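The model shown is predicted, which means the values in this text are computed figures rather than measured ones. Start at 1 and go down the list; that is how both ligands and their atoms are numbered.
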Amino acid sequence: MRVDRELKYTYPTSKHTTPLQTYTSNHPFLPVTNKHTCTLPTHPPFHQQTYTFNPFPPPPTPSNQKTHLYPPPLPPTNLHIPNPPHTHPSTNNLHIQPRPTTTYTSTPSLPRTNNPPPTLHPHPPHPFHQQTYTSNTPPAPSRTNPTPPHPFHQQTHIQQPTPPSLTTPPTITHHTPTPPHPLPPKPPHPHHAPRRTSLEALHRTSPHTRVDVSHPRGRSYTYSSSRYSVNDGYYLKTSSVERCHALAFGESWHRRRSESDWQKRPNSKNKMATNPAGTGIMENITPSDSPPSPFDAPTSSPLPSVPPNTPSTPSPSGPPTTPFPSSGQPRFPSASQNRDAKMPDLPEMGENESPGAQRQSQVSSSSRNSTLLRKNPRSRGASETSAGRIDPGTAFPPYDPRFSLSLSVSAANGAAASQLPLDDDGRKKIVVLGSGDFGLALATRLVQANYRVAVGSRDPERCRSKVEATGGIPMTHAEALRESAVVVLAVPFQHTGSLPLSNLANKIVIDSESCHFDNETMHARLVLYRRSSNPKDRDSSGRSQAEHLQNLLPTARVVKAFNVLSAYTLSRGIRGSKEVPVCGDDKEAKQLVSEVVKDLRLDPTDLGGLQSAREVEEIPFQFFTEWKFGVILSTVVWCIMFVVTLFRSQLCSNLENMHKPNFTWDWSGFDGIVRDNVSSSSAGAALTLLALCYLPGVIAAYIQLARGTKYSEFPLWLDTWLKGRKHIGILMLWNAAIHAILVLSYSMGSVGLYDDTYSWRGPTYVACGAFTLLLAGVLGVASLPSVSASMTWREFSFVQSRVGWLVLLLASFHIIFNFWDGLIKNNFSCYFLPSIAQLCIVLPLLTLVLKLPLLTPCVDRSLTRIRQGYERVSLHGLTGV
Ligand SMILES: NC(=O)C1=CN([C@@H]2O[C@H](COP(=O)(O)OP(=O)(O)OC[C@H]3O[C@@H](n4cnc5c(N)ncnc54)[C@H](OP(=O)(O)O)[C@@H]3O)[C@@H](O)[C@H]2O)C=CC1
Ligand SMILES: [Cu+2]
């Protein structure tokens, strides 16, 4: 008796869009038992499959001789056996024969188990029974071109991908069938969906790929070392990656800030959408740029998917992505990623225009750096390519939104770093040129890290004592350069020409210079660099010193590093970790320098190519760049409040009486300026700033809902606003604290809390104020990088979003209960100026009112889907399904 057996595995690949994928293979199983488990030894447990065997094994025939030791790559989540002749009409099944058939369909709605699938047919199929395998995909080929079936094995193969072989991992092909139903398929319940982390999927598709994951929040160094090894790859726990909306290949989830930026990386999105193994699994790795927001429904599948049939190339009409750096997070010409990766993108990593392989190597770097790179609004080109993605729903965004996720991937088979030469004692040898403050401080740290440091000087005898005090060895430049192939330049750039440059040929030269020490020169250079909005001009006029050095030393491999440190902190010993951006065009040299940085107990951050040095060199000279927006905003708000209180409390009474005879200026009211005006101005400013923390997220949500996609750019003002929320929040806390302190110190006695006029409102509003202050403090503390780094993403999101909204509500009640009557009434005195309570309650109420519709289930669901990558109308011209 011969039975041809086919197993058909159908499973959903995408939550919203997907056509079911069907894998069919012939398995002449042995009839040992009717239960057998095959496990792929090199894969995670979810590969375990259970097979049920037909008791009637077919003898090998020419058409049926393939032996598969391993099951197909993706296991059936369930085998669902409908009554053979009746299949649901909506599945577009093809029935060749109405005779007894065995139909295997996996349905996402059934719980996935490891139990053996049910017997293939309630009755053992007759060997000659024709078996028909149905698929949810249109079976046109089999209808039009039916291969004459073997007389004993009449079969209809609606889809027959290449069966898995023993040696090469099977590939999964994507089919883009007509959607069987006009409505998108219901997303599988998260518990039923196959649980694969993004990195597991990545690991499966590219098992020899190394994945570095850093935490989406906080400075990258916090998590830069968190790697979890699995087999020969790396993966991170589900929660970490999925919650962060991990990104594939560390790129492409960045938001594109401008057309020119987009043009710099025309293939970035393609890189994300097409995975190297061609398996399509990568679609589970979502380029979702925004971290989970308050609107992210917990019911969403852990891995939001991108519609597979959505072209990944953007429309030529404009930059398609959302504002985020997602993070997330990329401004560098080399780095992108993700997010943007934002991020984002990470979500917004450094993005470089450099194409191809160089770009790949930069990808890993770009994600990383971001914390150190403050966005300079004036230098949009290269720097802004790394735009981070921000979660509009979280009031205090991560320390650097470009870090919403930094996920970098680099090929593990890349060249290994060359080794530093060792001395007889096994110490690594390195050269420091220059015996100035920085050279000596660096030498000290290197010696502490068990390096043999040759300090090159124009006059070794003169600096001998200083150098020897560090543990270094004073030498002439030429002597020192014979010591090692790795040289740190600790000589001011303008004196580089007096060094024996020919001796630097073929060496790895670490340029530690930030900017010219000469203020005038430095200023000139920065102006030159920032003046032009055209990246081309900047390339020609604003080249970094590291690039100049590379031009000067064409055979050397220049790496920029250490410039963000100061001699002072180096010599005193840095507590904890410190991020040190490293950039250079030579990957191997960069890797080696990174090792040196690590040896000094610092955290190297790969920023990609040497061009990134343009921004790296400016880092030490940035001056509260990120705070600018928040400080200006809060100052303006506070001043408005103060002027209003000044008029209403002090000026108006005088101004209105000025025309009266015998008018004399009444100064009595001015006594309370510090006590009352400052207190109420601070209170009003605090409440307004709190609303301003949450308002942009609400506006962003409406924009996303209106556009039906998150892959479109927010207006610049909104983008700036979103990114400034953290600082606005901290300044809000500052104002609230001032108000609380002043009220407690001066006003408590005069408030009359327990007057009859206040009745229950007195204690209530005070309690609201107290809780507001307390919870606002929690918000502020949770936004500290060290604190947020210790929280999970969900905890962080909960605090910044849910608790934040609660604070806004309590603060509004604090005002409402206090000024119960005065909120509505206005006696229109004092030039129609509103009272401070009326003024400061407007924005909170507006924000709360706008937020309410977003909480309704249908709107919430739509928004959640959009933020998971669903596009109602794709930017690429296709309609999302
Ligand atoms: N100071 C700091 O905190 C930091 C400095 N840096 C960078 O490190 C570099 C050195 O800084 P720093 O040590 O503070 O500077 P210093 O002026 O203290 O030292 C510079 C050293 O360079 C050598 N030098 C000076 N003039 C010449 C010349 N004409 N030809 C050859 N060598 C010369 C001298 O060493 P000798 O007499 O032995 O030849 C001198 O000690 C700079 O590029 C700076 O940007 C980077 C980060 C922090
Ligand atoms: Cu108050």
Asks: Between Glu617, Gln545, Lys466, His495, flag the one that comes closest to atom 28 (C) of ligand 1 by a heavy atom.
Replies: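 Of the listed residues, His495 has the closest heavy atom.
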Asks: Quick one: CG on Leu633 to CH2 on Trp627, what's the gap to the nearest 0.5 Å?
Replies: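 Leu633 atom CG to Trp627 atom CH2 measures 12.5 Å (nearest 0.5 Å).
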Asks: If we only count heavy atoms from C-beta on, is the Phe438 to Val432 side-chain gap below 4.5 Å?
Replies: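 Result no, sub-4.5 Å side-chain heavy-atom pair not found.
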Asks: If we ignore hydrogens and angles and just use 3.5 Å, is the side chain of Asn450 paired with the main-chain N or O of Arg427 as donor and acceptor?
Replies: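 Here the side-chain-to-backbone pair does not exist.
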Asks: Can you establish whether the number of heavy atoms outside Phe670 located under 6.0 Å from its atom CZ is more than 12?
Replies: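 Enclosed.
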Asks: For the pair Leu600 and Leu442, evaluate side chain to side chain contact (heavy atoms under 4.5 Å, CB included) and give the outcome as yes or no after the intermediate values.
Replies: CA-CA 9 Å; Leu600 298 183; Leu442 190 63; 4.0 Å; yes
Asks: Quick test of your reading of the structure: of Gly434, Gly436, Ser498, whose heavy atom lies closest to atom 41 (O) of ligand 1?
Replies: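 Going through Gly434, Gly436, Ser498 one by one, Gly436 has the nearest heavy atom to atom 41 (O) of ligand 1.
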Asks: Got an N/O contact under 3.5 Å between Ser435 and ligand 1?
Replies: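 The answer is yes, given that Ser435 and ligand 1 share an N or O pair closer than 3.5 Å.
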Asks: Answer whether the closest heavy-atom distance between the side chains of Ser594 and Asp606 falls below 4.5 Å.
Replies: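 No, their side chains stay 4.5 Å or more apart.
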Asks: Quick one, Leu433 and Leu481 - any side-chain contact, counting heavy atoms below 4.5 Å?
Replies: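 Side-chain contact under 4.5 Å: yes.
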Asks: Taking non-hydrogen atoms only, is Val491 closer than 4.0 angstrom to ligand 1 via side chain, backbone, both or neither?
Replies: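 The part of Val491 near ligand 1 is both the backbone and the side chain.
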Asks: Hey, does the side chain of Arg648 reach the backbone of Leu833 with a donor-acceptor pair shorter than 3.5 angstrom?
Replies: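 Yes; at least one donor-acceptor contact below 3.5 Å.
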Asks: Which atoms of ligand 1 sit under 4.0 Å from any heavy atom of Ser566?
Replies: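 Numbered from 1, ligand 1 contributes 3 (O), 48 (C).
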Asks: What are the two closest heavy atoms between Arg464 and Pro474, and how far apart are they?
Replies: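 Minimum heavy-atom contact is NH1-CG, 3.6 Å.
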Asks: For ligand 1, does Leu565 get within less than 4.0 Å through its side chain, its backbone, both, or neither, judged by non-hydrogen atoms?
Replies: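 It is the backbone that touches ligand 1; the side chain stays farther off.
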Asks: Run the numbers for me: atoms of ligand 1, each under 4.0 Å from some heavy atom of Ala490, listed by number.
Replies: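 Near Ala490, meaning under 4.0 Å from one of its heavy atoms, ligand 1 has 9 (C), 10 (C), 20 (C), 21 (C), 22 (O).
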Asks: Polar contacts were defined as any N/O atom of the residue lying under 3.5 Å from an N/O atom of the ligand; does this apply to Phe562 and ligand 1?
Replies: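 N/O-N/O distance below 3.5 Å does not exist for this pair.
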Asks: Is Ala567 touching ligand 1 with its side chain, its backbone, both, or neither, if touching means heavy atoms under 4.0 Å apart?
Replies: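 Both of them.
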Asks: Can you list every salt bridge (Lys or Arg N to Asp or Glu O under 4.0 Å) pair that touches residues 472-498, not counting sequence neighbours?
Replies: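 The answer is Arg452-Glu483.
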Asks: Could you tell me, atom by atom, which parts of ligand 1 come under 4.0 Å of a heavy atom of Arg462?
Replies: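 With Arg462 as reference, the close atoms of ligand 1 come out as 37 (O).
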Asks: Do ligand 1 and Arg458 have nitrogen or oxygen atoms that lie under 3.5 Å from each other?
Replies: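 Between Arg458 and ligand 1 (N or O atoms, distance only) the closest approach is under 3.5 Å.
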Asks: Counting only heavy atoms, tell me which of Gly439, Gly456, Pro500, Pro492 gets closest to atom 20 (C) of ligand 1.
Replies: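 Considering heavy atoms of Gly439, Gly456, Pro500, Pro492, the nearest to atom 20 (C) of ligand 1 sits in Pro492.
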Asks: Using side chain to side chain contact (heavy atoms under 4.5 Å, CB included), reason through Asp511 and Glu617 one step at a time and then give a plain yes or no.
Replies: CA-CA 10 Å; Asp511 175 27; Glu617 288 176 0; 4.0 Å; yes
Asks: Tell me whether the rings of His814 and Tyr765 are parallel (<30°), tilted (30 to 60°) or perpendicular (>60°).
Replies: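 Tilted, since the angle between the ring planes falls between 30° and 60°.
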Asks: Could you tell me, atom by atom, which parts of ligand 1 come under 4.0 Å of a heavy atom of Asn563?
Replies: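 Result: 47 (C).
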Asks: Using 2.8 Å as the cut-off, count the protein N, O or S atoms closer than that to the Cu ion (ligand 2).
Replies: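 Counting protein N, O and S atoms closer than 2.8 Å to the Cu ion (ligand 2) gives 2.
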